[in-house]
Trainee: 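Encoded as structure tokens, here's the structure I'll be asking about.
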Amino acid sequence: MTQLPLPPHSPTCMGCGPDNPAGLQLVVFRSGDEVYTDVTFDERHIGAPGLAHGGAVAAACDDLFGFGLWIARTPAVTRSLTVDYLAPVPLHRPLRISAHVREIDGRKLHLKATATADDGTALFTAQAVFIAVSIEHFAQHGAPGAVQDLLDRLTSALDHDGPDRPSPHPPDR
């Protein structure tokens with residue numbers, strides 16, 4: 001299966017932006033119907049001594065889920081996010097977070113993620129509901145030019161590999 005690197009949401013995105021020194025700087029890949037990232041939390045993400053802050057973990061999940069829209073083929077925004085912490089998340093230890101769209105119910109995208117340490121230990125799971133929106137949503141509430149730029153960059157990246165392109169409009173389901 002081809003592993004396609006996906007472009008960051010924006011250069012300064014807190015989750016995946018390469019130009020955000022305080023961010024997580026996630027690099028996200030798509031493989032079939034799954035998106036994943038490898039992350040190592042460090043002192044920027046500390047909660048209890050030696051452990052990642054739950055908010056940093058939740059932010060990583062939320063950002064990765066944001067890439068699920070390329071599978072669902074629609075722009076979408078977070079409605080709810082739940083993280084179940086199964087084990088402490090240590091700093092300086094690589095882990096992989098994998099996510100997929102479990103179900104599409106009208107405009108609701110139900111997503112699920114699992115994080116495993118390099119030794120295979122499950123550290124946390126997460127579930128989210130995203131709501132499909134049109135590009136006009138970002139014109140009203142955000143930065144429409146930046147969102148259109150993201151769609152254009154992703155479309156260009158996908159044209160090289162051939163997977164389905166995201167639609168600027170929510171699905172009619």
Side-chain angles (χ1 to χ4, degrees), residues 1-17 23-39 54-86 95-116 122-159 161-173:
M1 176 90 34
T2 302
Q3 297 178 354
L4 178 68
L6 299 174
H9 295 122
S10 73
T12 56
C13 175
M14 196 274 296
C16 60
L24 296 167
Q25 300 180 349
L26 303 176
V27 176
V28 177
F29 294 87
R30 177 180 177 181
S31 180
D33 289 337
E34 181 177 85
V35 290
Y36 67 91
T37 189
D38 294 323
V39 63
V57 170
C61 292
D62 189 43
D63 199 68
L64 182 62
F65 283 143
F67 285 91
L69 66 93
W70 306 126
I71 296 166
R73 300 185 64 217
T74 183
V77 295
T78 310
R79 170 77 180 260
S80 64
L81 171 67
T82 303
V83 180
D84 291 314
Y85 300 92
L86 307 174
L95 61 100
R96 174 163 289 183
I97 310 171
S98 301
H100 65 277
V101 178
R102 264 190 326 106
E103 176 186 1
I104 299 175
D105 176 20
R107 292 179 50 219
K108 292 181 181 178
L109 310 175
H110 300 266
L111 300 109
K112 182 170 176 126
T114 302
T116 53
L123 299 175
F124 56 86
T125 61
Q127 296 185 57
V129 175
F130 273 50
I131 303 297
V133 296
S134 69
I135 200 76
E136 288 78 22
H137 170 87
F138 298 99
Q140 259 186 330
H141 303 287
V147 173
Q148 187 60 55
D149 177 60
L150 172 61
L151 289 172
D152 292 345
R153 286 184 291 121
L154 184 69
T155 298
S156 175
L158 293 178
D159 283 344
D161 190 60
D164 293 334
R165 279 186 263 180
S167 166
H169 303 287
D172 295 327
R173 296 184 197 163

Trainee: Testing the basics here: between Ala76 and Leu69, what is the closest heavy-atom pair and its distance to 0.1 Å?
Mentor: N-CD2, 4.3 Å
Trainee: Measure the spacing between OG1 of Thr114 and CD of Glu34 and express it to the nearest 0.5 Å.
Mentor: 9.0 Å
Trainee: Not counting sequence neighbours, which residues clear ring-ring contact (aromatic ring centres under 6.0 Å, His included) with Phe29? List them please.
Mentor: Tyr36
Trainee: If you take all heavy atoms of Val35 and Phe67, which pair is closest and at what distance?
Mentor: CG1-O, 3.8 Å
Trainee: Identify the two heavy atoms, one from Gly17 and one from Gln25, that lie closest to each other, and give their separation to 0.1 Å.
Mentor: O-CG, 3.5 Å
Trainee: Nearest 0.5 Å, what's the CD1-NE2 distance between Ile71 and His100?
Mentor: 9.0 Å
Trainee: Evaluate Ile104 against Thr74 for side chain to side chain contact (heavy atoms under 4.5 Å, CB included), listing each step before the verdict.
Mentor: CA-CA 11 Å; Ile104 299 175; Thr74 183; over 6 Å; no
Trainee: Please enumerate all residues that pass side-chain hydrogen bond (donor to acceptor under 3.5 Å, both in side chains) together with Ser98, with sequence neighbours excluded.
Mentor: none
Trainee: If you look at every heavy atom in Val101 and Gly68, which pair is closest and at what distance?
Mentor: CG2-O, 3.9 Å
Trainee: Using side-chain contact (heavy atoms from CB on, under 4.5 Å) as the criterion, list what pairs up with Ala115, not counting sequence neighbours.
Mentor: Leu95, Ile97, Phe124
Trainee: Does Arg79 have any side-chain contact (heavy atoms from CB on, under 4.5 Å) partners at least two apart in sequence or in another chain, and if so, which?
Mentor: Val129, Ile131
Trainee: Using 0.5 Å steps for rounding, measure from the CG atom of Leu123 to the OH atom of Tyr85.
Mentor: 11.5 Å
Trainee: Once rounded to the nearest 0.5 Å, what's the spacing between atom CZ of Arg73 and atom CG of Leu109?
Mentor: 13.0 Å
Trainee: For the CG atom of Leu6 and the CH2 atom of Trp70, what is their distance to the nearest 0.5 Å?
Mentor: 8.0 Å
Trainee: Determine, step by step, whether Thr78 and Phe65 satisfy the side chain to side chain contact (heavy atoms under 4.5 Å, CB included) criterion, reporting the C-alpha distance in whole Å, the side-chain angles of both residues, the deciding distance to 0.1 Å, and the verdict.
Mentor: CA-CA 9 Å; Thr78 310; Phe65 283 143; over 6 Å; no
Trainee: Donor-acceptor pair, Thr37 side chain versus Val27 backbone, under 3.5 Å?
Mentor: yes
Trainee: Which residues satisfy the salt bridge (charged side-chain N to carboxylate O under 4.0 Å, His left out) test with Arg96, sequence neighbours excluded?
Mentor: Asp38
Trainee: Could you list the residues that satisfy side-chain contact (heavy atoms from CB on, under 4.5 Å) with Thr82, not counting sequence neighbours?
Mentor: Asp84
Trainee: Identify the two heavy atoms, one from Leu81 and one from Cys61, that lie closest to each other, and give their separation to 0.1 Å.
Mentor: CD1-CB, 4.3 Å
Trainee: Take Asp63 and Leu24 through the test side chain to side chain contact (heavy atoms under 4.5 Å, CB included) and record every step on the way to the result.
Mentor: CA-CA 10 Å; Asp63 199 68; Leu24 296 167; 5.7 Å; no
